[in-house]
Asker: 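Submitted below is the structure of interest, expressed as structure tokens.
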Amino acid sequence: MRPMQVRLPAVAGRFYPSTPAELMRDVDSYLEPSVVIEGALGCIAPHAGYMYSGRVAGAVYSRLPARSCFLILGPNHFGRGSEPLALTPDAHWRTPLGDVPINSGLTAMIQSYCPALAEDAAAHEREHSIEVQLPFLQRRAADFSFAPIAVGAVGYETLVALGQGIARALREFPDPVMIVASSDMNHYEPDALTRIKDGEAVERILALDAKGLYEVVRRRDISMCGIGPAIAMLTAVKEMGASSAIVAKYATSADAGGDASAVVGYAGIVIQ
């Protein structure tokens, strides 16, 4: 039997505080009271440093209902590892707030419907897009497990197949599962242009239009790093009966004092 493996935090102290007390204070300052959307099935949440995107992420997580299990899809920014759709071989992921268990039953069920998925520790080892979501969940859900999927460079059809497989697995899984797609929006263009481009992408997301999102991102050259996770999530929740979406919050890095000539956009969206 393989000994229990723990994935250690890769970006604590850089993207978010490395001490438990400071991290709790930080996350709690971004969460909002009494705005839960009970019928939520999925969401898009940003993954930048908390000083830039924390308020958008907090607006999303404040609206998610209590769940005991989450599926988090994040982009593989740097193309590490050999698997374009990668599960984790680890049994737990650690943050300064403690260890979060991987739900091996959920990962096995999803993999049974998505044969392109494979374990690849390297794809997750230094990637931040999933890790930064966990402290928010740790402050919102007292006891939960999760399944992380790192999404690399794959085509639209593969992403749709992934979403369809996820929907089939979640319909059979005994507990309700929330799907989190980790993504920032347009990168490193002027604030005014980024808001226009992001608005076009958000319009397609609110319409639950995965194909339209894919097409507008390509046509308008929108550097949305989590387009793959977003398409898979939208496909899955649409098949699970989702019918509407709301923008919980939108911002750019300029709103947090960043350079307005080259910003990153952050859209927090909840789908039900």
Side-chain angles (χ1 to χ4, degrees), residues 7 10 41-47 70-90 102 106-133 146-170 177-187 197-198 200-202 204-205 207-240 242 267 269 271:
R7 180 201 182 268
L41 296 170
C43 67
I44 294 177
H47 54 237
F70 293 83
L71 169 62
I72 310 179
L73 303 114
N76 183 341
H77 282 91
F78 308 108
R80 293 189 175 98
S82 59
E83 299 296 337
L85 296 176
L87 298 166
T88 180
D90 301 303
I102 298 298
L106 177 59
T107 57
M109 188 171 288
I110 293 173
Q111 191 172 17
S112 72
Y113 289 115
C114 305
L117 284 168
E119 288 188 351
D120 189 343
H124 290 278
E125 186 177 19
R126 306 306 302 169
E127 176 58 52
H128 64 276
S129 61
I130 294 174
E131 176 184 327
V132 299
Q133 312 300 333
F146 82 113
I149 299 176
V151 180
V154 296
Y156 177 77
E157 291 77 13
T158 300
L159 295 168
V160 169
L162 174 62
Q164 291 171 337
I166 287 170
R168 291 181 68 185
L170 297 195
V177 178
M178 180 68 61
I179 309 174
V180 177
S182 176
S183 183
D184 294 339
M185 300 300 287
N186 196 54
H187 287 62
K197 285 187 170 186
D198 285 351
E200 295 181 35
V202 167
R204 292 298 88 215
I205 296 169
L208 308 184
D209 181 5
K211 183 66 170 178
L213 174 63
Y214 179 78
E215 290 174 346
V216 76
V217 164
R218 287 170 60 88
R219 183 177 68 252
R220 296 283 281 127
D221 192 25
I222 302 169
S223 51
M224 178 182 177
C225 53
I227 179 68
I231 287 171
M233 182 274 295
L234 284 172
T235 301
V237 297
K238 191 77 176 292
E239 294 219 351
M240 295 167 64
I269 298 173
I271 299 167

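For reference, positions follow the sequence shown, starting with 1. No experiment lies behind these values; they were computed from the predicted model shown.
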Asker: For the atom pair CE (Met224) and CG (Asp198), what is the distance rounded to the nearest 0.5 Å?
Answerer: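 Rounded to the nearest 0.5 Å, the CE-CG separation comes out at 8.5 Å.
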Asker: Before giving the answer on side chain to side chain contact (heavy atoms under 4.5 Å, CB included), spell out for Thr235 and Ile231 the whole-Å C-alpha distance, their side-chain angles and the decisive distance to 0.1 Å.
Answerer: CA-CA 6 Å; Thr235 301; Ile231 287 171; 4.2 Å; yes
Asker: Once you round to the nearest 0.5 Å, how far does CD1 of Ile72 lie from CD1 of Ile149?
Answerer: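 That separation rounds to 10.5 Å.
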Asker: His77 versus His128: any side-chain heavy-atom pair under 4.5 Å?
Answerer: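 Answer yes - side chains close enough.
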Asker: Begin with the C-alpha distance, continue with both residues' side-chain angles, and end with the deciding distance and a verdict on side chain to side chain contact (heavy atoms under 4.5 Å, CB included) for Asp120 and Ser82.
Answerer: CA-CA 7 Å; Asp120 189 343; Ser82 59; 3.5 Å; yes
Asker: Say whether His47 and Gln133, considering side chains only, have a donor N or O and an acceptor N or O under 3.5 Å apart.
Answerer: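 Per modelled atom types, His47 and Gln133 side chains form no pair under 3.5 Å.
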Asker: Side chains of Arg80 and Glu125, heavy atoms from C-beta outward: is any pair under 4.5 Å?
Answerer: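 Arg80 vs Glu125: side chains apart.
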Asker: Any idea which heavy atoms bring Pro229 and Ala181 closest together, and the distance?
Answerer: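 For Pro229 versus Ala181, the nearest heavy atoms are O-CB, 3.6 Å.
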Asker: Specify the closest pair of heavy atoms between Ala123 and Ala86, including all atoms of both residues, with the distance to one decimal.
Answerer: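 Looking at all heavy atoms of both residues, the closest pair is CB-CB, 3.5 Å.
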Asker: Of all heavy-atom pairs between Gly74 and Ser182, which one has the smallest distance, and what is that distance?
Answerer: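 Result for this residue pair: CA-CB, 4.0 Å.
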Asker: Can you check whether Arg220's main-chain N or O pairs, donor with acceptor, with Glu200's side chain at less than 3.5 Å?
Answerer: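 Checking the backbone N and O of Arg220 against the side chain of Glu200, no donor-acceptor pair under 3.5 Å is found.
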Asker: Side chains of Ile102 and Phe146: does their closest heavy-atom pair fall under 4.5 Å?
Answerer: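 Result yes, sub-4.5 Å side-chain heavy-atom pair found.
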Asker: Which heavy atom of Arg126 sits nearest to which heavy atom of Ala10, and what is that distance?
Answerer: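 Taking every non-hydrogen atom into account, NH2-O, 3.6 Å.
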Asker: So, taking the atom named CG in Leu87 and the one named CD1 in Ile110, what distance separates them when rounded to the nearest 0.5 Å?
Answerer: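 If I round to the nearest 0.5 Å, the distance is 7.5 Å.
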Asker: Side chains of Thr88 and His124: any donor to acceptor distance under 3.5 Å?
Answerer: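 No, no side-chain donor-acceptor contact under 3.5 Å.
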Asker: When rounded to the nearest 0.5 angstrom, what is the spacing between SG in Cys114 and CZ in Arg168?
Answerer: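 Between Cys114 SG and Arg168 CZ, I get 9.0 Å after rounding to 0.5 Å.
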Asker: Which heavy atom of Thr107 sits nearest a heavy atom of Ala147, and at what distance?
Answerer: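 It is CG2-CB, 3.5 Å.
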Asker: Return the minimal non-hydrogen interatomic distance between Ser129 and Pro75, and the atom names on each side.
Answerer: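 The answer is OG-O, 3.0 Å.
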Asker: Tell me, do Ser223 and Asn186 make a side-chain contact under 4.5 Å, heavy atoms counted?
Answerer: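 Ser223 reaches Asn186 side chain to side chain.
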Asker: Val180 versus Leu73: any side-chain heavy-atom pair under 4.5 Å?
Answerer: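 No, side chains not in contact.
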Asker: Flag the pair Glu215 and Arg204 as a salt bridge only when some basic side-chain nitrogen lies within less than 4.0 angstrom of an acidic carboxylate oxygen.
Answerer: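 No salt bridge links Glu215 with Arg204.
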Asker: Could you point out which residue of Ile222, Val217, Val202 forms a side-chain contact (heavy atoms from CB on, under 4.5 Å) with Met185?
Answerer: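 For Met185, the side-chain contact (heavy atoms from CB on, under 4.5 Å) test succeeds with only one of Ile222, Val217, Val202, which is Val202.
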Asker: Using the side chain to side chain contact (heavy atoms under 4.5 Å, CB included) rule, take Met233 and Ile271 through it: C-alpha gap first, then chi angles, then the decisive distance, then the call.
Answerer: CA-CA 10 Å; Met233 182 274 295; Ile271 299 167; 3.5 Å; yes
Asker: Walk me through whether Gln164 and Tyr113 qualify under side chain to side chain contact (heavy atoms under 4.5 Å, CB included).
Answerer: CA-CA 8 Å; Gln164 291 171 337; Tyr113 289 115; over 6 Å; no
Asker: Which value, rounded to the nearest 0.5 Å, describes the distance between Ser112 atom OG and Leu117 atom CG?
Answerer: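 Here the rounded value is 10.0 Å.
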Asker: Measure the CG-CG distance between Leu162 and Leu85 for me, rounded to the nearest 0.5 Å.
Answerer: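 So the CG of Leu162 and the CG of Leu85 are separated by 5.5 Å.
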